[in-house]
Each structure stands twice: as C-alpha cells, then as structure tokens.
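The model shown is predicted, which means the values in this text are computed figures rather than measured ones. Positions are given from 1, in the same order as the sequence printed here.
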Amino acid sequence: MRDAYHEELDSIGDSLVEMARLVGSAIGRATTAILDSDLKLAEAVIEADQKVDDLQHELEARAITLLARQQPVATDLRIVVTSLRMSADLERSGDLAQHVAKLARLRYPERAVPHDLHATILEMGQLAQRLMAKAAEVIITKDVDLALQLEQDDDAMDLLHRGLFQHLMDDRWKHGIETAVDVTLLGRYYERCADHAVAVAKRVVYLVTGEHADDLQSDIQPATQVEGT
C-alpha cells in the first residue's frame, strides 16, 4: 500500500512537469502565431489548451483521493497541497498562452503586432517560454538555488514590460487605439506567464525547505551585502 501511495505522489509530480512543458510549448507557438499571423497555428494552440486543463483536473482528482484515503501529514501533506497550487499556476499560464493565440485569430489576416514592436514581443515570448522551462526543471530537480534564481530572471520581463508601455505612451505612436489595446494585452499576458513560472518555483522552495522563498531571500541578501563591504 505504501509503495502504491508513493507512486501516486510521484505521478502527481510527473503531471506537473508535463503541464509545465505543454505550457512552455504553447507560449512559444502562440508567439509565433501572433507575430506571423498564422491562423492554423493559433487554432492548434487554442485546441491544445484542453490537454493542460485535463491534466489539472486529473491531478486534482488524484490529490483529493490521496487526502481522503491516506490522510498524509508533514512532508507528504505539503507535497499534495503545494502540487495543487502549482497546477493552478500552470493551468492559468496555459490560458494566457491561449489568449495570445486567440488574439492572433481575432486579428487574422492582419498582424496584431506592428513591425516596430515585433522584436520586443518576440523577446517577451521567448523569455516567458524559458522561464516556464526553468520552472519544469525546478519541479524535477527540486533545486532551491535554481528556483530562487527565477525571480531574478523575471526582472528582465518586468523591464521589457515597462519598455513596451513607454513605446505605447510615446507621442510618435501611429498605430491607433485598437493596436495599442492589443499590445497592452499581449504585454500583460507574457508578464503574467512569467509571474506564474516564478510562483511555481517559489512553491518548490516551500516544498523542499518548509520556508517561503521570500523569507529565504531576505536571509541571503544581507549576507551578500556583508561580503561586498
């Protein structure tokens, strides 16, 4: 019975990794769809999101069954509860990738992103995809240092997001209100994807250490400052 119990716990972790990889792929493909106005690819991304939803529902069902039948305590309980929260973050990220694809479909055959912002949106999409890949790696390895690094990586997304708004607010903006709204939404979708990847990594930190990532980082930073003085 205990072997079956731990196999079920392992399968929950495997489902999280699969969700993260599917979401990362969706972000990359949705970015291509929005930049190339690729309707077929956009439709594929929209349809594929159902797989992420199904995985989350299956994971929730298994987790609830474990809670009811095994009544886990201590570390095992932390694994189940944290996994549920991570699955919610990943499912929302999948929805955000789907939103990007839906915007590509809505504007087809036109391109939603003007040429002068093509590079910025591409970089945001690629960064969101990398962050999600790193989140998947953190789930697999339980590497606390790598997990804490994700929040620093997310700073690059915040800079891109701010740069996007500066471009939109520039008096030389010439693409109209509709395009400004589209670009604003895209920036928000990518920024939120990155936030969810960071949230997943933080939950892994809690899973491994029993401490919240923000508390660990506040402990680490003063030590780093002392070394530099």
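- Residue R105 holds its CZ atom at 11.0 Å from CG of L103, rounded to the nearest 0.5 Å.
- Distance CD/E151 to CG/D195: 9.0 Å, rounded to 0.5 Å.
- Electrostatic pairing of R130 and D153 does not count as a salt bridge here, judged by no charged N lying under 4.0 Å from a carboxylate O.
- Listed by chain and number, the hydrophobic cluster partners of L39 are Y108, where partners are ILVMFWY side chains within reach of under 4.5 Å, directly or through others.
- Side-chain contact check for R192 versus R92: every heavy-atom pair is 4.5 Å or farther apart.
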Given M19 and M86, is the side-chain contact (heavy atoms from CB on, under 4.5 Å) satisfied, shown in steps? CA-CA 10 Å; M19 286 180 72; M86 285 193 283; over 6 Å; no
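- For the residue pair A135 and V200, the shortest heavy atom distance occurs at CB-CG1, 4.2 Å.
- The main-chain N or O of L22 is never found under 3.5 Å from a side-chain atom of S25 such that the two would form a donor-acceptor pair.
- V183 is listed as a side-chain neighbour of P114, based on a closest heavy-atom distance under 4.5 Å.
- Formation of a donor-acceptor pair under 3.5 Å by the H161 side chain with backbone atoms of M157 is not found in this model.
- At least one side-chain heavy atom of H196 sits less than 4.5 Å from a side-chain heavy atom of L96.
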Before giving the answer on side-chain contact (heavy atoms from CB on, under 4.5 Å), spell out for E137 and D143 the whole-Å C-alpha distance, their side-chain angles and the decisive distance to 0.1 Å. CA-CA 8 Å; E137 184 179 351; D143 186 329; over 6 Å; no
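- Placement of V45 and I34 in two distinct hydrophobic clusters is found when ILVMFWY residues are connected by side-chain heavy-atom separations under 4.5 Å, directly or transitively.
- Within a 6.0 Å sphere centred on CD of E47, other residues, nucleotides and ligands contribute 12 heavy atoms or fewer.
- When hydrophobic clusters are built by joining Ile, Leu, Val, Met, Phe, Trp and Tyr residues whose side-chain heavy atoms come closer than 4.5 Å, directly or via intermediates, L35 is not grouped with L41.
- Note on E191 versus R188: salt bridge recorded, some NZ/NE/NH1/NH2 to OD/OE distance being below 4.0 Å.
- Tracing side-chain contacts under 4.5 Å through hydrophobic residues (I, L, V, M, F, W, Y), one never reaches L84 starting from I64; they form parts of separate clusters.
- The closest side-chain heavy-atom distance from L66 to Q71 is not below 4.5 Å.
- Y206 and V81 fall into different hydrophobic clusters, where Ile, Leu, Val, Met, Phe, Trp and Tyr side chains are chained together by heavy-atom contacts under 4.5 Å.
- Taking both residues in full, the closest heavy atoms of A112 and T179 are given as O-CG2, 3.7 Å, listed atom of the first, atom of the second, then distance.
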Please step through side-chain contact (heavy atoms from CB on, under 4.5 Å) for the pair R78 and T75, ending with a clear verdict. CA-CA 5 Å; R78 197 157 70 226; T75 301; 4.2 Å; yes
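- A pairwise comparison of heavy atoms in L150 and A197 identifies CD2-O, 3.5 Å as the closest pair.
- Nearest heavy-atom pair, I27 versus G125, reported as atom, atom and distance to 0.1 Å: CG2-O, 3.6 Å.
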Between L164 and M124, does a side-chain contact (heavy atoms from CB on, under 4.5 Å) hold up when you go through it step by step? CA-CA 10 Å; L164 195 66; M124 293 182 83; 4.1 Å; yes
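- Side-chain contact between D89 and S93 is absent, with no heavy-atom pair separated by less than 4.5 Å.
- Closest non-hydrogen pair, A128 versus C193, comes out as CB-CB, 4.2 Å.
- Note that CG of D54 and CG of D49 are 9.5 Å apart. Values are rounded to the nearest 0.5 Å.
- Note: Y189 OH to K102 NZ = 9.5 Å, rounded to the nearest 0.5 Å.
- For the atom pair Y190 OH and H99 NE2, the distance stands at 12.5 Å (nearest 0.5 Å).
- In this structure, the side chain of Q98 engages the main chain of I46 through a donor-acceptor pair within 3.5 Å.
- L90 places a side-chain heavy atom less than 4.5 Å from the side chain of M132.
- Closest non-hydrogen pair, A42 versus A33, comes out as N-CB, 3.8 Å.
- Here CD1 of I12 is found 11.0 Å from OG1 of T82. Values are rounded to the nearest 0.5 Å.
- Contact of the E211 side chain with the V205 side chain is not registered, since no non-hydrogen atoms from C-beta on lie closer than 4.5 Å.
- Using cut-offs of 30° and 60° on the angle between ring planes, the pair H115 and H118 is tilted.
- For the pair R162/L159, a side-chain contact is recorded, criterion being any heavy-atom separation below 4.5 Å from C-beta on.
- Screening R62, E58, E60 for a side chain to side chain donor-acceptor pair (under 3.5 Å) with S15, the sole residue that qualifies is R62.
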